[in-house]
Amino acid sequence: MIYISHLVLDVDMKALVKEYGTGIESIDFSISDNLDQLSNSIKTYWEKMKEIGTRDLILHGPFLDVNPCAYDSLVREATMTRFNQCYEAGHQLGAKKIVFHSGMNPYVYYKEYWAEHVAKFWQEFMKNKTEIEIVLENVFDDDWRLLLDVYERVNQPNFKLCLDIGHAHCYSSLDVREWAKNLAPYVSHVHIHDNCGDRDSHIGLGSGNLPWQEVLGYLPETKERTWTIECMQKEDIKRCLDSLAEK
């Protein structure tokens, strides 16, 4: 199933959902102010989903000021609290999946022991959490092998990977096709947008130089795999949806 990231106005999201029959990937529960008022935020978003016209939902987890690979115990504690709040929102709203950033920054962390360290966080987080699938997304990650290492160390049936093809194209020195080919068996969610390899511009497919047809050829439809269009303009979203329909 295809989802649209809720980066556009509600009125535009409603029109897109009606035209294309998509679900929503919500960023509302990545925002600390909403997590501070969790019960009210859940009620508000439930009403928003009814107005937009879909109950198909994926959540994007918190990513500002939190980090699952932090070495500072207090930062890890805050991250665990925020992630648990997001999970509770997902549980109450019936979310199918929650997307969390890996937290890897090659300018800050050494590759050695990074996967081992971050996997400990996810092993703790995943205890007794079986209702929602958790997917780990690449952002500044330079090497797909580190994500695979985390996946294998966590070793939980509802812990998978999210391949953001735009991020891989502009932030990694490795070809995005290599990412897709090698991670495909472990990727249950895909973030779709384009760029020119120079910055994370989140434009429509074909507007940049990402070889998206080849990349998505490695990521065919399966029973569990889902996709989210992650563009910030309505026309870019429609461009991606139309491109996928023609593929």
Side-chain angles (χ1 to χ4, degrees), residues 5-7 25-42 45 57-93 95-164 167-168 171 186-189 191 200 228 230:
S5 185
H6 204 160
L7 301 171
E25 183 173 316
S26 172
I27 63 169
D28 278 40
F29 298 94
S30 68
I31 300 168
S32 60
D33 287 351
N34 290 338
L35 298 175
D36 286 338
Q37 307 172 64
L38 190 59
S39 295
N40 288 336
S41 297
I42 291 170
Y45 205 80
L57 179 68
I58 288 175
L59 295 188
H60 196 300
F63 57 92
L64 295 174
D65 305 320
V66 292
N67 194 346
C69 60
Y71 283 85
D72 188 308
S73 61
L74 293 180
V75 175
R76 288 171 68 86
E77 181 181 346
T79 301
M80 187 67 70
T81 297
R82 291 308 197 189
F83 283 16
N84 279 326
Q85 290 173 322
C86 183
Y87 189 91
E88 178 60 25
H91 181 65
Q92 292 194 37
L93 289 168
K96 182 175 183 179
K97 303 179 182 184
I98 303 178
V99 181
F100 290 104
H101 288 179
S102 73
M104 178 53 174
N105 185 334
Y107 294 103
V108 176
Y109 298 106
Y110 292 110
K111 291 182 178 181
E112 292 77 13
Y113 309 113
W114 177 85
E116 179 182 357
H117 181 67
V118 76
K120 291 178 181 178
F121 175 94
W122 289 112
Q123 288 165 348
E124 179 182 351
F125 178 81
M126 295 298 296
K127 288 178 181 177
N128 303 316
K129 290 186 175 73
T130 58
E131 299 92 347
I132 305 174
E133 184 173 286
I134 303 301
V135 292
L136 195 64
E137 176 193 356
N138 61 297
V139 184
F140 301 122
D141 310 61
D142 183 61
D143 193 336
W144 59 266
R145 286 165 289 202
L146 292 178
L147 277 183
L148 181 57
D149 195 358
V150 175
Y151 166 83
E152 292 174 338
R153 288 175 184 274
V154 175
N155 191 29
Q156 295 288 336
N158 61 322
F159 184 85
K160 304 288 186 178
L161 299 180
C162 167
L163 176 58
D164 188 302
H167 291 164
Y171 290 129
Y186 321 102
V187 169
S188 72
H189 191 54
H191 277 173
D200 188 21
T228 290
E230 265 212 337

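Residues: numbered from 1 along the sequence shown.
Residues Tyr87 and Glu131 bring a donor and an acceptor atom of their side chains to less than 3.5 Å of each other. At a cut-off of 3.5 Å, with distance as the only test, a side-chain donor of His101 or His60 sits close to an acceptor on the other residue. For the residue pair Thr228 and His189, a side-chain donor N or O sits within less than 3.5 Å of a side-chain acceptor on the partner.
Atom-to-atom distance recorded for Thr79:OG1 and Leu74:CG is 10.5 Å, nearest 0.5 angstrom. Taking CG of Asn105 as the reference point, atom SG of Cys69 lies at 8.5 Å (rounded to 0.5 Å). If you take SG on Cys162 and CD on Glu137, they are separated by 4.5 Å, rounding to the nearest 0.5 Å. Put simply, OG on Ser41 and CD on Gln92 are 11.0 Å apart, with the number rounded to the nearest 0.5 Å. Atom CD of Gln37 sits about 11.5 Å away from atom CD of Gln85, to the nearest 0.5 Å. Here the OG-CD1 distance, from Ser26 to Ile31, works out to 8.0 Å after rounding to the nearest 0.5 Å.
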Using a 3.5 Å cut-off and no angle test, enumerate the donor-acceptor pairs between side-chain atoms of residues 138-151 and protein atoms at least two apart in sequence or in another chain.
{"from": "Asn138", "atom 1": "OD1", "to": "Asp164", "atom 2": "N", "distance (Å)": "2.8"}
{"from": "Asn138", "atom 1": "ND2", "to": "Asp164", "atom 2": "O", "distance (Å)": "3.2"}
{"from": "Asp141", "atom 1": "OD1", "to": "Ser102", "atom 2": "OG", "distance (Å)": "3.1"}
{"from": "Asp141", "atom 1": "OD1", "to": "Val139", "atom 2": "N", "distance (Å)": "2.6"}
{"from": "Asp141", "atom 1": "OD2", "to": "Ser102", "atom 2": "OG", "distance (Å)": "2.7"}
{"from": "Asp142", "atom 1": "OD1", "to": "Ser173", "atom 2": "N", "distance (Å)": "2.8"}
{"from": "Asp142", "atom 1": "OD1", "to": "Ser173", "atom 2": "OG", "distance (Å)": "3.1"}
{"from": "Asp142", "atom 1": "OD2", "to": "Ser173", "atom 2": "OG", "distance (Å)": "3.4"}
{"from": "Asp143", "atom 1": "OD1", "to": "Arg145", "atom 2": "N", "distance (Å)": "2.9"}
{"from": "Asp143", "atom 1": "OD1", "to": "Arg145", "atom 2": "NE", "distance (Å)": "2.9"}
{"from": "Asp143", "atom 1": "OD2", "to": "Arg145", "atom 2": "NE", "distance (Å)": "3.3"}
{"from": "Asp143", "atom 1": "OD2", "to": "Arg145", "atom 2": "NH2", "distance (Å)": "3.2"}
{"from": "Trp144", "atom 1": "NE1", "to": "Glu178", "atom 2": "OE2", "distance (Å)": "2.8"}
{"from": "Asp149", "atom 1": "OD1", "to": "Arg153", "atom 2": "NE", "distance (Å)": "2.9"}

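The residue from Phe63, Phe29, Phe121 that alone fulfils the ring-ring contact (aromatic ring centres under 6.0 Å, His included) condition with Phe83 is Phe121.
Geometrically, Lys129 engages Phe125 in a cation-pi contact, judged by NZ or CZ lying under 6.0 Å from the ring centre and within 45° of the ring axis.
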